[in-house]
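Excluded from the calculations below are hydrogen atoms, water molecules and symmetry mates; all remaining heavy atoms, backbone and side chain alike, are included. What you are looking at is a predicted structure, and each value in this text was computed from that prediction instead of being measured.
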Amino acid sequence: MVLIRSILLALLGVAAAVSNPVAEIGNIDVEARSPSPNSELAVRDSTPNSSGYKDGYYYFFESDGLGNATFTNGPGGSYAMTWSGMGLSIGGKGWNPGGTRKFHYSAVYRPSGNSMLEVYGWTTDPLVEYRIIENFGTYNPGSVAQTKGKYSTDGCEYTVGNVTRYNQPSIQGIKTYQQIWSVCWNKRRNGTISLSNHFDAWKRLKLALGRHNYQIFALEAYYSSGSVNVTIW
């Protein structure tokens, strides 16, 4: 499971790396709690980190424990999440392994501050962390990346870029890897995401992916508050 420090470095880089897309943030140590695979999630002051399968979907939730974050694992492709305080958290549902399917989604998204509504996933060989951001709060998180191009699909225009993360936590431990950030400027709360169209566009821009690991439609929050209710199918 990805350590929350990886998220911290990426998202704080929005402010620190706009003028230098490959800037690193230095030595920031935030320890994530160990996950409890296959546990059921319920509303409480702090939901335990967890991943597993329910009703045919893969679910994933991780928080650094510094703020208040809850993840409610609903039936089918539904989930709800609330967050507040000076913490970082990510939660969502999807598939493991991922692939080139279509994500259909509907979300009631109420952000206050910094957060992202996104497809979030990893590949291996090469090791790549990627985000397709459908909506976001205060900051444009894609600012951390060096822009490679634009493309349109499913009624949205996306700007895509990449950045290299050196010796940072990943699904394979401490590694150097690429991040791909693709941002929809329409700021949608419902729609379709045809992943094959995105991946083909990235390939034309020389942004390579590998073998798919997990892939979720997620809410990623940092140093902010808000709530979201999501259904995917």
Exercise for the section: Tell me, with the steps shown, if N73 and F61 meet side-chain contact (heavy atoms from CB on, under 4.5 Å). Expected result: CA-CA 10 Å; N73 195 355; F61 175 77; over 6 Å; no

Practice task
Would you check if P97 and Y58 make a side-chain contact, meaning some heavy-atom pair closer than 4.5 Å?
Solution key: no

Exercise for the section: Identify whether V108 and Y79 are in the same connected component of the hydrophobic contact network (ILVMFWY, side-chain heavy atoms under 4.5 Å). Expected result: no

Exercise for the section: Please step through ring pair (Phe, Tyr, Trp, His ring centres under 6.0 Å) for the pair W95 and F103, ending with a clear verdict. Expected result: CA-CA 10 Å; W95 292 271; F103 271 86; 5.0 Å; yes

Practice task
Applying salt bridge (charged side-chain N to carboxylate O under 4.0 Å, His left out) between R188 and each of E134, E157, E118, report the one that passes.
Solution key: E134

Problem - Check: S78 and V230 side chains under 4.5 Å, non-hydrogen atoms - result: no

Handout entry: Closest non-hydrogen atom pair, A80 against N229
Key = CB-ND2, 3.5 Å

Completion exercise
In terms of heavy-atom contacts, T176 and N167 come closest through OG1-N, 3.1 Å

Completion exercise
The single option from S224, S89, S63 that satisfies side chain to side chain donor-acceptor pair (under 3.5 Å) with W83 is S224

Exercise for the section: May I ask you to say whether R131 pairs ionically with E220, meaning some side-chain N is under 4.0 Å from a carboxylate O? Expected result: yes

Completion exercise
Here the pair of heavy atoms bringing K148 nearest to L205 is O-CD2, 3.6 Å

Handout entry: Rounded distance [0.5 Å steps], SG in C156 versus NE2 in H198
Key = 7.5 Å

Problem - Euclidean distance, L209 CG relative to L127 CG, rounded to 0.5 Å - result: 11.0 Å

Handout entry: Validation row: Y57, I232 side chains within 4.5 angstrom (heavy atoms)
Key = yes

Handout entry: Trace of the side-chain contact (heavy atoms from CB on, under 4.5 Å) decision for I132 with L195
Key = CA-CA 9 Å; I132 300 171; L195 292 178; 3.5 Å; yes

Practice task
Specify whether Y120 and W122 have parallel, tilted or perpendicular ring planes, treating 30° as the upper limit for parallel and 60° as the lower limit for perpendicular.
Solution key: perpendicular

Exercise for the section: Without swapping roles, check the side chain of Q215 against the backbone of V119 for a donor-acceptor pair under 3.5 Å. Expected result: no

Handout entry: Minimum heavy-atom distance between Q172 and K175, given as atom pair plus value
Key = O-CE, 3.5 Å

Practice task
Begin from the C-alpha positions of S194 and D154 and carry the test side-chain hydrogen bond (donor to acceptor under 3.5 Å, both in side chains) through to its verdict.
Solution key: CA-CA 7 Å; S194 302; D154 301 315; 3.0 Å; yes

Problem - From Y130, Y158, Y151, residue fulfilling side chain to side chain donor-acceptor pair (under 3.5 Å) relative to W202 - result: Y151

Problem - Nearest-0.5 Å distance that lies between atom CD in Q179 and atom OG1 in T164 - result: 9.0 Å

Problem - Minimum heavy-atom distance between G142 and V183, given as atom pair plus value - result: CA-CG2, 3.8 Å

Problem - Single-linkage hydrophobic cluster Y214~Y53, side-chain heavy atoms < 4.5 angstrom - result: yes

Problem - Atom NZ of K187: over 12 foreign heavy atoms under 6.0 Å - result: yes

Practice task
In sequence, state the C-alpha distance, the side-chain angles, and the governing distance for S50 and Y59, and then conclude on side-chain contact (heavy atoms from CB on, under 4.5 Å).
Solution key: CA-CA 8 Å; S50 185; Y59 67 86; 3.7 Å; yes

Handout entry: Pairwise side-chain contact, W185 with N140, heavy-atom cut-off 4.5 Å (strictly under)
Key = yes

Exercise for the section: Please lay out, stage by stage, how M81 and V228 fare under the test side-chain contact (heavy atoms from CB on, under 4.5 Å). Expected result: CA-CA 5 Å; M81 190 168 160; V228 71; 3.9 Å; yes

Handout entry: pair N68-T82: side-chain heavy atoms closer than 4.5 Å
Key = no

Problem - N49 side, atom CG; I90 side, atom CD1 - distance, nearest 0.5 Å - result: 11.5 Å

Practice task
Find the distance between CG (N114) and OH (Y139) and round it off to the nearest 0.5 Å.
Solution key: 6.0 Å

Exercise for the section: Would you verify whether the NZ or CZ of K93 falls within 45 degrees of the ring axis of F217 while also being under 6.0 Å from that six-membered ring's centre? Expected result: no

Handout entry: Side-chain donor/acceptor of T123 to backbone N/O of P126, under 3.5 Å
Key = yes

Problem - Pair S106-T231, side-chain hydrogen bond (donor to acceptor under 3.5 Å, both in side chains): steps then yes or no - result: CA-CA 5 Å; S106 178; T231 301; over 6 Å; no

Completion exercise
On a heavy-atom basis, the closest approach of G87 and L66 is CA-CB, 4.1 Å

Exercise for the section: Taking T138 for its side chain and G113 for its backbone only, find out whether a donor-acceptor pair lies under 3.5 Å. Expected result: yes

Exercise for the section: Mind checking the NZ-CD1 spacing from K102 to I193? Nearest 0.5 Å is all I need. Expected result: 12.0 Å

Exercise for the section: Return yes if some donor-acceptor pair links the side-chain N/O of D64 with the main-chain N/O of L88 below 3.5 Å, else return no. Expected result: yes

Problem - Main-chain N/O of T124 paired to N213 side chain as donor or acceptor, under 3.5 Å - result: no

